[in-house]
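Below: one structure, written as structure tokens.
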Amino acid sequence: QPAHGETAFVARRLVAGVPECTLRGALQEINAPGFRRGGRILLPRGTYFLTRGTEPGDQSGATEDFLQRFGVGADIAVRTRDLDIGTDVFIEGEGPGLTIIDGTSADRVFHIVSSLRNNQGFFNLTIRRGFVEGRRGGCILREGTDGLFTLGNVVLEHCLAVGNEG
């Protein structure tokens, strides 16, 4: 786990056979109370598959504090696997097709929610296979913030939102 106060994370799949820090873990750390505002996540080449959090007490990747601070209902969070962002975050890969974040068609990939003016950016990566039914945002849903949002050298592929709000 990265320590509070760091602004750059490297989410590697395995280091000596043990995960150094998952993408979900890096986002939880950046969203944590007491962390100075925002962060940058550096993703080495590889495919990062979206799965439900497996740490004790982590049913969705959204911590209890995140749910309270950003008004996301626990009933929604338990049903989702998306990666939650509630602050300034910049995620950078090594290039589209080299760094891939794969939603496995189980849910949308990113849910950005904040009551503040926060900025987010995704750079040099592929985000694929996000899927939601009866909700918005197949790959990325951004709501409640009026900060800047940037996609730079990003490929979005096979992302689908179907139904009333799709």
Side-chain angles (χ1 to χ4, degrees), residues 1-16 18-55 58 60-72 77 80-104 107-130 137-157 159:
Q1 281 288 54
H4 286 295
E6 295 179 22
T7 57
F9 297 97
V10 178
R12 298 184 194 276
R13 291 191 320 170
L14 294 176
V15 174
V18 177
E20 179 185 14
C21 180
T22 65
L23 175 56
R24 186 179 304 279
L27 285 168
Q28 287 174 331
E29 190 71 20
I30 288 171
N31 286 322
F35 189 84
R36 66 181 178 201
R37 186 176 169 178
R40 182 171 161 224
I41 297 172
L42 303 175
L43 289 174
R45 70 180 59 211
T47 301
Y48 299 83
F49 293 98
L50 192 63
T51 60
R52 192 171 297 249
T54 57
E55 297 174 12
D58 180 18
S60 68
T63 63
E64 188 68 29
D65 177 70
F66 182 89
L67 299 176
Q68 291 173 356
R69 287 190 310 150
F70 299 109
V72 178
T80 65
R81 295 180 179 178
D82 57 18
L83 298 166
D84 297 307
I85 297 175
T87 188
D88 291 325
V89 174
F90 301 93
I91 299 175
E92 185 174 344
E94 292 187 17
L98 298 175
T99 303
I100 300 165
I101 303 170
D102 190 323
T104 68
D107 198 355
R108 84 173 49 87
V109 182
F110 290 99
H111 185 195
I112 301 168
V113 59
S114 176
S115 59
L116 304 173
R117 182 178 172 88
N118 291 318
N119 304 308
Q120 295 84 27
F122 298 88
F123 305 94
N124 303 316
L125 51 84
T126 297
I127 302 171
R128 72 177 183 202
R129 296 197 311 156
C139 264
I140 301 168
L141 174 62
R142 187 168 188 262
E143 56 188 354
T145 181
D146 61 355
L148 298 175
F149 180 71
T150 305
L151 295 175
N153 198 27
V154 172
V155 173
L156 301 175
E157 61 184 19
C159 298

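R24 approaches L50 most closely through the heavy-atom pair NH2-CD1, 3.5 Å. Among all heavy-atom pairs drawn from G39 and I30, the shortest one is CA-CD1, 3.8 Å. When all heavy atoms are compared, the tightest approach of R142 to G147 is NH2-O, 2.9 Å. Residues T99 and P44 share a closest heavy-atom pair of OG1-O, 3.6 Å. Contact between G138 and C159 at its shortest, heavy atoms only, is C-CB, 4.2 Å. Between P96 and V155, the shortest heavy-atom distance links the atoms CB-CG2, 3.6 Å.
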key: Stepwise side-chain contact (heavy atoms from CB on, under 4.5 Å) test for E29 and I41   = CA-CA 11 Å; E29 190 71 20; I41 297 172; over 6 Å; no

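When side chains are defined from C-beta on, L151 counts as touching I140, because their heavy atoms get closer than 4.5 Å. Put simply, the side chain of D84 does not reach to within 4.5 Å of the side chain of V113, judged on heavy atoms. I85 is not listed as a side-chain neighbour of N118, based on a closest heavy-atom distance of 4.5 Å or more.
Annotation: salt bridge (charged side-chain N to carboxylate O under 4.0 Å, His left out) contacts of E157 (sequence neighbours excluded): none. For the side chain to side chain donor-acceptor pair (under 3.5 Å) test, residues two or more places apart in sequence or in another chain that qualify with N124 are N153. With sequence neighbours left out, T104 forms a side chain to side chain contact (heavy atoms under 4.5 Å, CB included) with F49, D102, A106, R129. Looking at residues two or more places apart in sequence or on another chain, you find a side chain to side chain contact (heavy atoms under 4.5 Å, CB included) between L148 and N119.
Not one N or O on the side chain of E94 forms a donor-acceptor pair closer than 3.5 Å with the backbone of L125.
Atom CG of L43 and atom CD1 of I100 lie 11.5 Å apart (nearest 0.5 Å). Considering CZ of F90 and CZ of R40, their distance stands at 10.5 Å, rounded to 0.5 Å. Residue Q120 holds its CD atom at 6.5 Å from CG of D88, rounded to the nearest 0.5 Å. Considering CG of D107 and CG of D82, their distance stands at 4.5 Å, rounded to 0.5 Å.
Between F122 and F110, the ring planes are tilted. Angles from 30° to 60° get that label.
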